[in-house]
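Each chain gets a letter, A, B and so on, in the order its sequence line appears, and its residues count up from 1.
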There are 2 protein chains.
Amino acid sequence: MSKSQEEKQSRDRKVVVKRGAQENRAELTEAEWEIMKVVWEKQPCAAGTVQEALVKSKNWAYSTIKTTMDRMVEKGFLEIERIRNLQLFHSSISEVDARRGEFRKMLKRAFNGALTPMMQFLIEHEGISKREAAQLREFVSRAGKKSEGKK
Amino acid sequence: MSKSQEEKQSRDRKVVVKRGAQENRAELTEAEWEIMKVVWEKQPCAAGTVQEALVKSKNWAYSTIKTTMDRMVEKGFLEIERIRNLQLFHSSISEVDARRGEFRKMLKRAFNGALTPMMQFLIEHEGISKREAAQLREFVSRAGKKSEGKK
DNA sequence: GAATATATACGACAATTGTAGAACACGTCA
DNA sequence: TGACGTGTTCTACAATTGTCGTATATATTC
């Protein structure tokens, strides 16, 4: 496997574009996640806005965030709308697609890509709060109807 | 945040040791996952065994795998049992802990650490089969009881 | 126009992760 | 003992990601 092939695969794995019925998904790094969460909420917004939003939880230098965001533009995760000297960023990937990417990556690594072993894992090894359980019950009752519809 | 602090936090995040009732979990890279899956299945085993097992899916050079495994020893994920000149590796982390680490990382990044939005996401965006929905229901029905026990 | 504030561009370094070949060491066999 | 096979050690490079200060550019105000 040559470097360029691997590079191409690596890219495809990060952002899998729509091919027929296949869905969009993206894989973000830790820092990218933090930044995208702010962008999804405040877009279009400047890098400075993102920095201000993250100053408490992360305390990153402005240039740290700007660099990361510029790289995300190169990767196709963000786009720049220019107004005079100001760059406003907006997302090119949806939160749903990013979530899907992260979820699928986890599923593939830890559960060979299958939901059933993950569910078993949750059942046997993960507990949840009462509140979460109540909310889940509500969603599950809807799930019955939705899944019938889907399949 | 100084470099050494960040380094310490980074380590703690990768392997969170047992503190009281808190659980074990680990975070593995892509290559580490591939290797651990083989080790869990064949341990104790030599690096060459791992390389042979992965030759079809990955075609990594022996030294690629050996290097990764040596680094994993340094990280505490693997341990070496020496028999003459031969090193047999066995895992220091369980598959459950690794799964938990990967799952929790995903949950934190994509769903702010909460199960409920993840389940909602699955139901609304991922499409689940009847069987999976049934497992979800089982999880929810057990959730009430288990969480009492765990918490 | 100068001073100031804001924002971008530039450049660089460190750590981690992935990748792997070459050199060296050990064990076995003829 | 030398040859050969197996396994470890050593070394190194590349890419990515994280991190950030400095230089430069732009816009505004006095």
Within residues 35-42 of chain A, the residues having a heavy atom closer than 4.0 Å to DNA chain C are none
Answer yes when B:Glu126 and A:Arg104 have at least one side-chain N-carboxylate O distance shorter than 4.0 Å, and no when they do not. yes
Atom CD of B:Glu74 and atom P of C:dG18 are separated, to the nearest Å, by 14 Å
| query | Using a cut-off of 4.0 Å on non-hydrogen atoms, how would the nucleic acid contact of A:Arg84 be classed: base, sugar-phosphate, or nothing? | reply | sugar-phosphate
Item checked: OP1 or OP2 of D:dT19 under 4.0 Å from side-chain N/O of A:Thr64 -> no
Between protein and nucleotides 2-7 of chain C, what N or O pairs are separated by less than 3.5 Å?
none

* Name the nucleic acid region contacted by B:Thr29, choosing base, sugar-phosphate or nothing; use a 4.0 angstrom heavy-atom cut-off, strictly under. => sugar-phosphate
Whether A:Arg71 and A:Glu32 form a salt bridge (side-chain N of Lys/Arg under 4.0 Å from carboxylate O of Asp/Glu) is what I want to check. no
Within the structure shown, what part of the strands sits under 4.0 Å from B:Ser63 by heavy-atom distance: base, sugar-phosphate, or nothing?
base
Cut-off 3.5 Å, side chains only: do A:Trp33 and A:Glu102 have a donor facing an acceptor?
yes
Q) OP1, OP2 of C:dT19 versus side-chain N and O of B:Lys58: anything below 4.0 Å? A) no
Any carboxylate oxygen within less than 4.0 angstrom of a Lys/Arg side-chain nitrogen, looking at A:Glu41 and A:Lys37? no
Rounded to whole Å, CH2 of B:Trp33 lies from C1' of C:dT17 at a distance of 17 Å
